[in-house]
Every structure is written in C-alpha cells, then in structure tokens.
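Encoded as structure tokens, the structure appears first; notes follow it.
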Amino acid sequence: QVQLVESGGGLVQAGGSLRLSCVATGSGFSINAMAWYRQAPGKQRELVAAITSGGSTNYADSLKGRFTISRDNAKNTVYLEMNSLKPENTAVYYCNADLRRPWGASAHYWGQGTQVTVSS
C-alpha cells in the first residue's frame, strides 16, 4: 500500500528550471534516506542526488551546484530543484525511498518516474 508519486516534470528550454516532488503515501512506515535517480534512453539508471533523514546530501558531480535536493519529513516529501537545465539532463527522473516498517524491516521503493525534457 506504500506508493511514491512523482510530479513536476515537463518540457523546458535549456537554462530553465523545474522543481520535482515525490510524495510517499500510505501508512505504517518511516522514511530513512530518499533519493532521485534518472534514466536516459539507452543508458543505465544513475543517482542524481540523495538526502538522509538527518539532512546530509550527496550529488552527482556534474550536477553539483545546479540541482538541490531537500525534504519535508512532516509531509513525507522529497524535492529536487533543477536549475540551469541542459539538454543532456533529459531523462525520466525516479524517486527512491528507503522505508522502514515498525518491526524493523526496510526496503527501497521506486516511483513510476516523471519525464523531464530539455530542449536546445
């Protein structure tokens, strides 16, 4: 019954910005780390940015300084602010969350993805 729902993708011109959101819905869990991944056609899925429950962040080197990950624990939501977008940033962006159940078990969940297309 746990779902991750992404939103905020779309078509933008190079140099533009988008803000992606991912909401974890359901009950009976707590969220540890959350992250954004992306997958371009013909390429492997790669990490974009991650954020721990304590707020520590990690970014892909090429995106550092342009993308910002943040979270609102009260809303079970993670955000990705994407600035100075480039055509090579075009991909499906996926939300990932490490969820913990009351008995201690944990597992990663994936959203269905949101398309980001950057035109030249």
Side-chain angles (χ1 to χ4, degrees):
Q1 67 275 22
V2 176
Q3 289 185 291
L4 301 180
V5 182
E6 302 104 331
S7 62
L11 174 64
V12 298
Q13 290 186 309
S17 299
L18 286 173
R19 186 176 188 240
L20 307 183
S21 299
C22 173
V23 180
T25 64
S27 62
F29 65 87
S30 61
I31 303 175
N32 295 320
M34 302 187 77
W36 288 95
Y37 288 74
R38 68 182 179 185
Q39 187 166 23
K43 296 185 177 180
Q44 290 184 271
R45 188 171 299 184
E46 64 178 352
L47 176 69
V48 175
I51 184 167
T52 69
S53 60
S56 297
T57 59
N58 184 44
Y59 297 90
D61 289 341
S62 63
L63 305 177
K64 190 176 298 182
R66 297 193 297 114
F67 289 14
T68 303
I69 188 170
S70 61
R71 63 190 291 172
D72 186 336
N73 292 332
K75 298 180 179 179
N76 290 334
T77 301
V78 63
Y79 305 94
L80 184 68
E81 183 180 346
M82 311 166 68
N83 298 315
S84 301
L85 284 163
K86 303 176 181 179
E88 56 262 40
N89 299 142
T90 294
V92 178
Y93 284 71
Y94 296 90
C95 178
N96 176 270
D98 178 20
L99 304 182
R100 183 174 296 278
R101 309 313 291 260
W103 55 89
S106 63
H108 286 275
Y109 287 78
W110 292 95
Q112 293 186 336
T114 184
Q115 177 71 47
V116 173
T117 302
V118 185
S119 65
S120 59

- S56 side chain to G54 main-chain N or O, any donor-acceptor pair under 3.5 Å? no
- Item | Pairwise distance CG(L4) to OG1(T25) - rounded to 0.5 angstrom | 7.5 Å
- Message: If I compare all heavy atoms of Q115 with all of V92, which pair ends up nearest, and what's the gap?
- Response: OE1-CG2, 3.2 Å
- Note on the structure: Between I69 and A35 the two heavy atoms that sit nearest each other are CD1-CA, 4.3 Å
- Query: Is R45 close to Y94 at the side-chain level, that is, under 4.5 Å between some pair of heavy atoms?
  - Reply: yes
- Between the CD atom in E81 and the OG atom in S70, the distance rounded to the nearest 0.5 Å is 7.5 Å
- Task: Give the C-alpha distance, both sets of side-chain angles, the deciding distance and a yes or no for side chain to side chain contact (heavy atoms under 4.5 Å, CB included) between L18 and V116.
- Result: CA-CA 9 Å; L18 286 173; V116 173; 3.9 Å; yes
- Task: Kindly say whether A105 contributes a backbone atom to a donor-acceptor pair with the side chain of R101 at under 3.5 angstrom?
- Result: no
- Query: So do the side chains of Y93 and M82 get within less than 4.5 Å of each other, counting heavy atoms only?
  - Reply: yes
- Message: Is there a continuous path of hydrophobic side-chain contacts, each under 4.5 Å between heavy atoms, that joins V48 to I51?
- Response: yes
- Message: If hydrophobic clusters are built by linking Ile, Leu, Val, Met, Phe, Trp and Tyr wherever their side-chain heavy atoms come under 4.5 Å apart, do V23 and Y79 end up in the same one?
- Response: no
- All heavy atoms of A14 vs all of P87, minimum pair found to be CB-CD, 4.1 Å
- Query: For the residue pair S53 and N73, what are the closest heavy atoms and their distance?
  - Reply: O-ND2, 4.0 Å
- Message: Ignoring hydrogens, what is the shortest heavy-atom contact between S62 and R38? Give both atom names and the distance.
- Response: OG-NH2, 4.5 Å
- Query: Counting only heavy atoms not in E46, do more than 12 fall under 6.0 Å of its CD?
  - Reply: yes
- Looking only at side chains, do H108 and N96 share a donor and an acceptor under 3.5 Å apart? yes
- Item | Euclidean distance, L99 CG relative to S106 OG, rounded to 0.5 Å | 9.0 Å
- Measure the shortest side-chain to side-chain distance between T68 and Y59 over non-hydrogen atoms and say whether it is less than 4.5 angstrom. yes
- Item | Distance in Å, C22 SG paired with Q112 CD, rounded so as to fall on 0.5 Å steps | 11.0 Å
- Minimum heavy-atom distance between A50 and L47, given as atom pair plus value: CB-CD1, 4.2 Å
- Item | Heavy-atom side-chain contact between L20 and T114 under 4.5 Å | yes
- Message: Is it the case that over 12 heavy atoms from other parts of the model lie below 6.0 angstrom from the CD atom of Q39?
- Response: yes
- Query: Can you check whether N83 reaches F67 side chain to side chain, under 4.5 Å on heavy atoms?
  - Reply: no
- Task: From the options T90, L85, V12, select the one residue that forms a side-chain contact (heavy atoms from CB on, under 4.5 Å) with T117.
- Result: T90
- Just wondering, do R66 and K86 contact through their side chains at under 4.5 Å, heavy atoms? yes
- Query: What do the steps show when you test N89 against L63 for side chain to side chain contact (heavy atoms under 4.5 Å, CB included), and what is the final call?
  - Reply: CA-CA 9 Å; N89 299 142; L63 305 177; 3.8 Å; yes
- Message: One pair to check against side chain to side chain contact (heavy atoms under 4.5 Å, CB included): N76 and F29. What are the steps and the verdict?
- Response: CA-CA 10 Å; N76 290 334; F29 65 87; 4.2 Å; yes
- Message: Before you tell me yes or no, could you show the steps for W36 and C95 under side chain to side chain contact (heavy atoms under 4.5 Å, CB included), namely the whole-Å CA-CA distance, both residues' side-chain angles and the distance that decides it to 0.1 Å?
- Response: CA-CA 5 Å; W36 288 95; C95 178; 4.1 Å; yes
